[in-house]
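Okay, so here's the structure we're looking at.
The residues of the chain are indexed from 1 along the displayed sequence. We count ligands from 1, going down the list as the structure has it; atoms in each ligand are counted the same way. Atom set for the values below is all heavy atoms of this structure, side chains included, hydrogens, waters and symmetry mates excluded.
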Amino acid sequence: MNTLDPASTYDHALEVLKENDHGDYTIPTKGLYPFQWNWDSCLTALGQSHYDEARAWTEIDTLFAHQWPDGMVPHIVFHVYSDGYFPGPNVWATNRPTPTSGITQPPVAGFAVKRLFDRARDKALATERARALLPKIDAWHRWFYADRDPHDEGLVAILHPWESGRDNSIDWDEAFERVPTEGVEPYTRRDTQHADPAHRPTKAQYDRYLWLVQHFRDLDWDNSRLHDASPFQVIDPGFNAILIRACADLADLAEALGENQIAADNRARAAAGLKAIEGLWSDSHGQYLCKDRTTDALIDSATIGGILPVFAAIPKPRAHEIARTIERWADAAKFIVPSHDPLDPRFEAKRYWRGPVWLVMNYMIADGLTVIGETAVAEHIIRSSLDLITQSGFAEYYDPTTGEPCGGGRFTWTAAMVIEFLDLMGR
Ligand code: GLC
């Protein structure tokens with residue numbers, strides 16, 4: 001295998017970020033994803049901050065400029081029309097000044113903004129930009145607990161697999177069976193024209209993705225009605241952990257900026273989430289599991305979604321147990337962290353979210369493990385991530401058994417995470 005050259009790897013990452021930069025937002029990759037994606041942008045800003053802090057703040061500002069009046073922040077902003085992506089603005093029909101999708105994505109903004117603020121070289125700029133973003137992120141968090149946790153359980157549900165950010169995970173299969181496919185309007189997929197169809201979701205899955213979009217559209221995208229009307233309501237521990245971490249980080253940031261009400265509200269949300277997430281722990285899996293809110297049953301699927309809670313302040317014994325689970329997975333895969341337990345027969349090394357490694361997941365998991373002192377596992381994850389880049393370039397994701405690059409190429413958030421990892425290693 002080639003050895004890592006930090007300087008040229010950094011330059012290469014920068015090149016990828018710059019070529020996908022559209023001025024005030026960055027697309028994930030040319031062709032496959034030609035618009036602004038929510039959590040891609042927040043994590044991308046971390047990479048950008050190493051060479052241009054103002055540009056990093058703008059990445060997040062642009063996303064929040066398209067927040068809905070109810071507080072929701074959409075998963076895609078269709079800034080400039082492109083027919084290379086399906087489903088495009090006409091299918092979503094959300095009736096927004098700039099078209100957006102109608103669903104959300106993992107709320108990493110609170111975490112990203114605190115990190116940008118904490119390490120800012122330009123403190124005056126950081127204070128000004130963070131202060132402006134604070135109420136907007138708070139409104140997004142409030143929206144989550146009002147409309148995605150309507151019965152005050154302390155955990156929010158996703159109503160569409162795409163909200164999880166782990167679009168095609170095995171976690172959704174069982175619950176997805178309950179989503180009908182009748183009445184889906186005829187469509188032509190675009191993803192399979194940009195990426196290998198064998199790595200992408202199947203047609204039956206795509207029909208269900210679209211059924212949900214049409215169903216929510218028929219309800220006029222009224223978020224106060226969508227939760228109860230959705231046949232798909234899944235509580236994802238990874239998604240909730242991101243929200244819990246974001247609430248805790250936003251509370252710290254609000255405190256630093258003297259916004260005491262925002263601090264108290266977010267502190268309370270994080271505390272309620274941490275208490276409730278314990279109900280998703282599985283001793284036999286050594287990790288958290290998803291829960292189907294429509295049946296109230298845990299979903300027997302060991303994915304990275306149940307590993308990700310180390311990113312939040314879960315009880316230390318749980319986090320250590322998760323580190324041991326990652327070590328078990330590492331014995332079965334050459335590169336970590338796979339998105340599904342490689343020992344499970346349902347694991348698929350190349351198919352989107354059913355096995356492959358994503359660097360953004362690695363970043364958040366390594367961050368959480370470092371905080372609790374599992375530095376050896378964290379370092380293993382970072383090394384694995386950089387080995388993948390050295391071997392296979394800046395891909396969307398990687399086969400954990402071979403390191404083969406999969407999905408889109410020259411991928412923005414992969415490049416951003418590489419800059420973060422190089423920095424952690426003291427480039
Ligand atoms: C895929 C991923 C999602 C990501 C998007 C853009 O849909 O599943 O998490 O935000 O691509 O990179």
Quick one: table the atom pairs, ligand 1 N or O against protein N or O, below 3.5 Å, distance rounded to 0.1 Å.
residue: ligand 1; atom: 7 (O); partner: D167; partner atom: OD2; Å: 2.8
residue: ligand 1; atom: 7 (O); partner: Y352; partner atom: OH; Å: 2.9
residue: ligand 1; atom: 8 (O); partner: G165; partner atom: O; Å: 3.1
residue: ligand 1; atom: 8 (O); partner: D167; partner atom: OD1; Å: 2.7
residue: ligand 1; atom: 8 (O); partner: D167; partner atom: OD2; Å: 3.3
residue: ligand 1; atom: 8 (O); partner: Y352; partner atom: OH; Å: 3.3
residue: ligand 1; atom: 8 (O); partner: W353; partner atom: NE1; Å: 2.8
residue: ligand 1; atom: 9 (O); partner: W39; partner atom: NE1; Å: 3.1
residue: ligand 1; atom: 9 (O); partner: G165; partner atom: O; Å: 2.6
residue: ligand 1; atom: 10 (O); partner: W39; partner atom: NE1; Å: 3.1
residue: ligand 1; atom: 10 (O); partner: D40; partner atom: OD1; Å: 2.6
residue: ligand 1; atom: 10 (O); partner: Q105; partner atom: NE2; Å: 2.9
residue: ligand 1; atom: 11 (O); partner: Y33; partner atom: OH; Å: 3.3
residue: ligand 1; atom: 12 (O); partner: D40; partner atom: OD2; Å: 2.6

R166/D236 salt bridge by N-O under 4.0 Å criterion: yes

Verdict with reasoning, R383 to D387, per salt bridge (charged side-chain N to carboxylate O under 4.0 Å, His left out): CA-CA 6 Å; R383 220 177 327 113; D387 285 348; 5.9 Å; no

Residues forming a salt bridge (Lys or Arg N to Asp or Glu O under 4.0 Å) with D341, sequence neighbours excluded: none

Atom CG of N95: over 12 foreign heavy atoms under 6.0 Å: no

Lys NZ or Arg CZ of R410 over F394 ring: under 6.0 Å, within 45°: no

Cation over ring face, R189 and Y206, 6.0 Å, 45°: yes

